[in-house]
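We count residues from 1, following the sequence as given.
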Amino acid sequence: MGIFGKKKQEQAELPQDWVSYFSRVDSKPASIRINLALSKVAPIKNMGMRTWFSVMLKDPDKNGFTTREEFPTICGIEDDILAALEPMGAIMAGAVKTNGMFDMYLYSIDADGYEGAIQSVMLRYEGYKYATDFADDAGWKDYFDFLYPSEYEYQSIQNQKVLRQLEEHGDNPEAEREVDHWIYFSAEKEMEDYAVKAETLRYKVLSKKKLDDGKRMPYQLNISRMDNTQWGNVDDYVWELIELAKEHGGEYDGWGCPIAK
């Protein structure tokens with residue numbers, strides 16, 4: 001097997017968990033897509049060259065994103081850039097749409113020949129202005145400090161995953177049902193204080209447990225409340241519980257609920 005085939009095989013073995021979320025970049029709305037699973041293996045040894053490719057949209061919408069008409073072309077550019085650079089050893093880490101621009105972030109051992117390969121791709125897309133940048137980023141700073149979601153954005157992504165599963169099973173998001181939440185603490189007093197505060201927010205304490213002493217957060221609190229699972233509402237009450245956990249030295253660890261018809 002040639003070296004290009006070997007690189008493609010190594011890339012195929014990398015963990016994959018592609019998600020999208022909305023944020024703000026320089027006070028502008030931004031849509032960020034990232035392979036979250038790379039956080040389990042990054043920074044990857046000897047792959048500290050960061051490639052940034054940016055193309056200017058011709059007809060962005062009012063939020064600076066792609067319109068329905070231009071979307072297929074931008075997807076084509078992304079696919080063609082990947083087709084050119086992945087055989088040369090590049091790993092796609094994420095992409096951003098904001099302020100009329102579409103940006104791609106890739107990592108590799110080096111960027112030899114990348115600029116020429118990108119130029120060859122863009123010759124097929126007449127009238128599109130683009131820019132490239134190559135920088136040493138051994139710690140994958142752009143991945144962790146820019147592309148990676150904040151604590152609240154990360155939990156919103158997890159919320160969306162649960163909501164999609166509920167939808168696939170015919171859930172009625174407007175129907176109220178008991179929604180369970182789990183929070184972990186390093187000390188019993190922190191757990192007790194949180195439980196008291198949660199009860200003032202109409203939550204019911206289901207259980208308080210001390211788990212394996214070797215765990216960093218051995219105290220587990222399970223609470224529930226009657227709530228619906230409409231997308232905006234879920235983020236609101238989950239973020240409230242995250243904020244409360246931070247105030248009491250705890251860590252929020254997700255939610256679950258029965259399917260409501």
Stepwise side-chain hydrogen bond (donor to acceptor under 3.5 Å, both in side chains) test for Thr229 and Asp171:
CA-CA 9 Å; Thr229 57; Asp171 184 68; 3.2 Å; yes
Ion pair present between Arg216 and Glu251, side-chain N to carboxylate O less than 4.0 angstrom?
yes
Among residues at least two apart in sequence or on other chains, which ones pass side chain to side chain donor-acceptor pair (under 3.5 Å) with Arg202?
none
One should read off an interatomic distance between Leu244 CG and Asp193 CG, to the nearest 0.5 angstrom, of 10.0 Å
Given the options Tyr184, Tyr219, Phe185, Tyr194 meets ring-ring contact (aromatic ring centres under 6.0 Å, His included) only with Phe185
Please confirm whether Tyr105 and Tyr143 have ring centers closer than 6.0 angstrom.
no
Can you hop from Tyr152 to Tyr21 via hydrophobic side chains spaced under 4.5 Å?
no
Has Trp18 got more than 12 heavy atoms of other residues, nucleotides or ligands less than 6.0 Å from its CH2?
yes
Treating Tyr148 as the side-chain partner and Ser39 as the backbone partner, does any N or O pair qualify as donor plus acceptor under 3.5 Å?
no
Side-chain heavy atoms of Leu36 within contact of Gln158, under 4.5 Å:
yes
Looking at CD1 of Ile223 and CD of Glu178, how far apart are the two atoms once the value is rounded to the nearest 0.5 Å?
11.0 Å
If the plane angle is over 60° it's perpendicular, under 30° parallel, otherwise tilted; pick one for Phe53 and Tyr130.
tilted
Rounded to the nearest 0.5 Å, what separation is found between the SG atom of Cys257 and the CG atom of Asn228?
10.0 Å
Only one of His181, Glu240, Glu151 forms a side-chain hydrogen bond (donor to acceptor under 3.5 Å, both in side chains) with Tyr252, so which one is it?
His181
What distance separates Asp142 CG from Asp137 CG, expressed to the nearest 0.5 Å?
5.0 Å
Please report the interatomic distance CZ(Arg50) to CG(Leu106), rounded to the nearest 0.5 Å.
10.0 Å
Side-chain heavy atoms under 4.5 angstrom apart, residues restricted to Ile, Leu, Val, Met, Phe, Trp, Tyr: same cluster for Leu201 and Leu221?
yes
Within one Ile-Leu-Val-Met-Phe-Trp-Tyr cluster: Phe146 and Ile157, side-chain cutoff 4.5 Å:
yes
How many angstroms lie between CD in Glu70 and CZ in Phe102, if you round to the nearest 0.5 Å?
11.5 Å
Relative to the ring of Trp140, is the ring of Tyr107 parallel (under 30°), tilted (30 to 60°) or perpendicular (over 60°)?
parallel
Contact between Ile259 and Lys261 at the side-chain level, heavy atoms closer than 4.5 Å - yes or no?
yes
Side-chain (Asn99) to main-chain (Gly64) donor-acceptor, under 3.5 angstrom:
no
Any donor and acceptor pair, going by atom type alone, linking the side chain of Asp253 with main-chain N or O of Ile183 inside 3.5 Å?
no
